[in-house]
Participant: 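Take this structure first; my questions come after.
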Protein chains: 2
Amino acid sequence: MGTVSKALSLLALFNHGRLEMGLSELTRLSGMNKATVYRMMTELQAAGFVEQMNGDRAYRLGPEVLRLAALREAAVPLLSVSRDVLRRLCDETGETSHMSIQRNGQLTTLTHAYSSHHGTRVAMEDAEILSLHATGSGLAFLAFSSEEVVEHALSAPLVKHTPQTETDPERLRQALAEAQRSGVAESVGGFEADVHSHAAPIFGADQRPIGALAVAAPVSRMTVELKSRVRTALKAAALDLTQRTGGFCPPGYPGGS
Amino acid sequence: MGTVSKALSLLALFNHGRLEMGLSELTRLSGMNKATVYRMMTELQAAGFVEQMNGDRAYRLGPEVLRLAALREAAVPLLSVSRDVLRRLCDETGETSHMSIQRNGQLTTLTHAYSSHHGTRVAMEDAEILSLHATGSGLAFLAFSSEEVVEHALSAPLVKHTPQTETDPERLRQALAEAQRSGVAESVGGFEADVHSHAAPIFGADQRPIGALAVAAPVSRMTVELKSRVRTALKAAALDLTQRTGGFCPPGYPGGS
DNA sequence: GCAAATCGGTTCATTATTTGAACCTACGGT
DNA sequence: ACCGTAGGTTCAAATAATGAACCGATTTGC
């Protein structure tokens, strides 16, 4: 692994639980030498990828990532299109919706929308990592991924996030088969208790899944009628998002050619 | 300069005019050896900072920058607060509004909002680099920056973007003095012909300016009445944004304590 | 109130990595 | 067939990364 990769791996250590980190923490988590980490952070800081605030010695992500994200959006308008699609998906279903993309074997939520239709709703945070086996999004993504990806995901230890989390590979494969048939995957309380999530995959220009679109509702509100409405709206929204971002559905995908 | 900085400088080459670049172009622009650039781009790609699409060999920014931007937003909610502030600023003035931040001596627009009040409006792109001497945003930023920053900006060759661009350092300093008094800077057709922009600075936790908030209108619509409304709304909006992002106005700033 | 631990930051000889000229193959234009 | 340019690869030489030890300042434990 080159020096550049090591430096970038420091950025990968940031997540929702660790929005700020000191030098020692970065050193511990990365397993690298303190001097090495220090020099790398100094270079990352000079480039604006991280910053150290007033007096505080902790590092946090810097403004340059915003500039790059804006440019990425200019090249591939995934977020702006998603926000539009999510807004309508929310309005149609009355529930929280969110979009996530895959990177490095992980699904990360990037944006979400809330409905004001109900007093209670499922709360979301952007940049959260979703479990592949325990969320609707994860299952929707896996259902249309290659066998190697599925095998890799299901052979790893399957975390039991809640008592309801399904961790039996055989039954998970059944869920994937069902999602392949209908185009929509679901998970009931698998990631967070009391949350029933439906999700459909988003495809890239190469017809492979790049992420997922999901609707998350409290278990108590998920009636047969709402399920039907969610599934219909979700399929249309995912197809819309795929097409408007220059993607194509694979031949076997139900509903969209 | 270390290897990491060199690799990150490759990312800095991306801008609105160059959303995608091939290996040769990157090599030429960076002035580095082709093999070096190739290895660095390979590492950046492995980390998800750039990607090469199907068959096409050109590189573009990758999905990892979106994840980092979402985390930066979680730590410092500048964009989300800005979008809210810009929306209202638009509604109040009926004109296009935008927000930009400073990085490395350059002002980059990060987000904007349009009004649907008029049939015509000033068009914006995110991630555009704003001239410091020829835009309201640039002048608003400089007006509250240190003397070294102002001197550095005004001693560099001042590009004449349009026939109306003011390039006389002496008169620009007068404009800065006026902005210091009122808290709002303006530029009439200095960056793009027929665009009249007003702007106010945004301050960080250290009381130094971090960027600017601006309203851009067609010159023909900028009446005395509208100017007055824009200036009032802008001052309130900039103060609001500064405070809601944890910033503080400097002692000498008019209007805000 | 003192000692030990921890923090961010720095040094410098050793070592491993980066570097770059040259080379390869493919492709499009003339 | 020739030339220019593209992306990608090789390997000896040169340069930059590394890490143990060290420093001063806080913080923690007792």
Side-chain angles (χ1 to χ4, degrees), chain A residues 1-15 17-64 71-72 75-76 204-206, chain B residues 1-15 17-64 71-72 75-76 204-206:
Chain A
M1 206 203 304
T3 314
V4 176
S5 297
K6 287 181 202 160
L8 296 179
S9 76
L10 290 173
L11 294 179
L13 296 177
F14 287 89
N15 61 41
R18 299 181 205 278
L19 291 175
E20 299 196 346
M21 282 183 277
L23 181 59
S24 299
E25 190 166 5
L26 286 162
T27 302
R28 245 180 283 111
L29 290 171
S30 66
M32 297 190 285
N33 185 279
K34 184 173 53 152
T36 304
V37 173
Y38 177 69
R39 251 177 319 97
M40 286 175 173
M41 291 308 284
T42 303
E43 293 199 69
L44 289 172
Q45 184 164 30
F49 282 75
V50 300
E51 65 182 6
Q52 273 176 305
M53 284 316 283
N54 46 322
D56 199 348
R57 273 108 72 98
Y59 296 91
R60 68 179 183 202
L61 291 168
E64 178 70 359
L71 281 173
R72 160 79 186 185
V76 188
D206 55 0
Chain B
M1 205 203 303
T3 314
V4 176
S5 297
K6 288 180 201 160
L8 296 179
S9 75
L10 290 173
L11 294 179
L13 297 176
F14 286 88
N15 62 40
R18 300 181 203 280
L19 291 175
E20 298 196 347
M21 282 183 277
L23 181 58
S24 301
E25 191 168 5
L26 286 163
T27 303
R28 246 180 283 111
L29 290 171
S30 66
M32 297 190 286
N33 185 278
K34 187 173 51 155
T36 304
V37 174
Y38 177 69
R39 249 177 324 97
M40 285 175 174
M41 290 309 284
T42 303
E43 293 199 69
L44 288 172
Q45 184 163 32
F49 282 75
V50 299
E51 65 182 4
Q52 272 176 306
M53 285 315 284
N54 46 321
D56 198 348
R57 277 122 130 219
Y59 296 91
R60 68 179 184 204
L61 291 168
E64 178 69 1
L71 281 173
R72 160 79 186 184
V76 187
D206 54 2

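The chains referred to below are lettered A, B, ... by the order of the sequence lines, with proteins before strands, and numbering in each begins at 1.
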Participant: Would you kindly give the CD-to-C1' distance between A:Gln45 and C:dG9, to the nearest whole Å?
Facilitator: 13 Å
Participant: Sort out for me which residue in B:Met21, B:Gln45, B:Met40 forms a side chain to side chain contact (heavy atoms under 4.5 Å, CB included) with B:Val50.
Facilitator: B:Gln45
Participant: A:Arg72 vs B:Glu51, test: salt bridge (charged side-chain N to carboxylate O under 4.0 Å, His left out). Steps then yes/no.
Facilitator: CA-CA 11 Å; A:Arg72 160 79 186 185; B:Glu51 65 182 4; 2.6 Å; yes
Participant: Just call it for B:Met1: base, sugar-phosphate, or nothing, with non-hydrogen atoms closer than 4.0 Å on any strand.
Facilitator: nothing
Participant: For a 4.5 angstrom cut-off between non-hydrogen side-chain atoms, does B:Leu11 reach B:Leu61?
Facilitator: yes
Participant: Look at A:Thr36 and D:dA17 and indicate whether a side-chain polar atom (N or O) is within less than 4.0 Å of OP1 or OP2.
Facilitator: no
Participant: Mark yes or no for whether A:Arg60, through its side chain, and A:Leu19, through its backbone, hold a donor-acceptor pair below 3.5 Å.
Facilitator: no
Participant: Whole Å only: how far is the CZ atom of A:Arg39 from the P atom of C:dT11?
Facilitator: 12 Å
Participant: Just by protein heavy atoms under 4.0 Å, how would nucleotides 3-15 of chain D read 5' to 3' in B, S and -?
Facilitator: ---SBBBB-----
Participant: With a 3.5 Å distance limit and no angle check, can you tell me whether B:Thr36 reaches the backbone of B:Met32 through a side-chain donor-acceptor pair?
Facilitator: no
Participant: Just verifying a value: how many Å separate A:Leu13 CG and A:Arg28 CZ, rounded to the nearest 0.5 Å?
Facilitator: 12.0 Å
Participant: NA contact type, B:Met41, heavy-atom cut-off 4.0 Å: base, sugar-phosphate, or nothing?
Facilitator: nothing
Participant: Would you please confirm or rule out a distance under 4.0 Å between OP1 or OP2 of C:dT18 and any side-chain N or O of A:Thr3?
Facilitator: yes
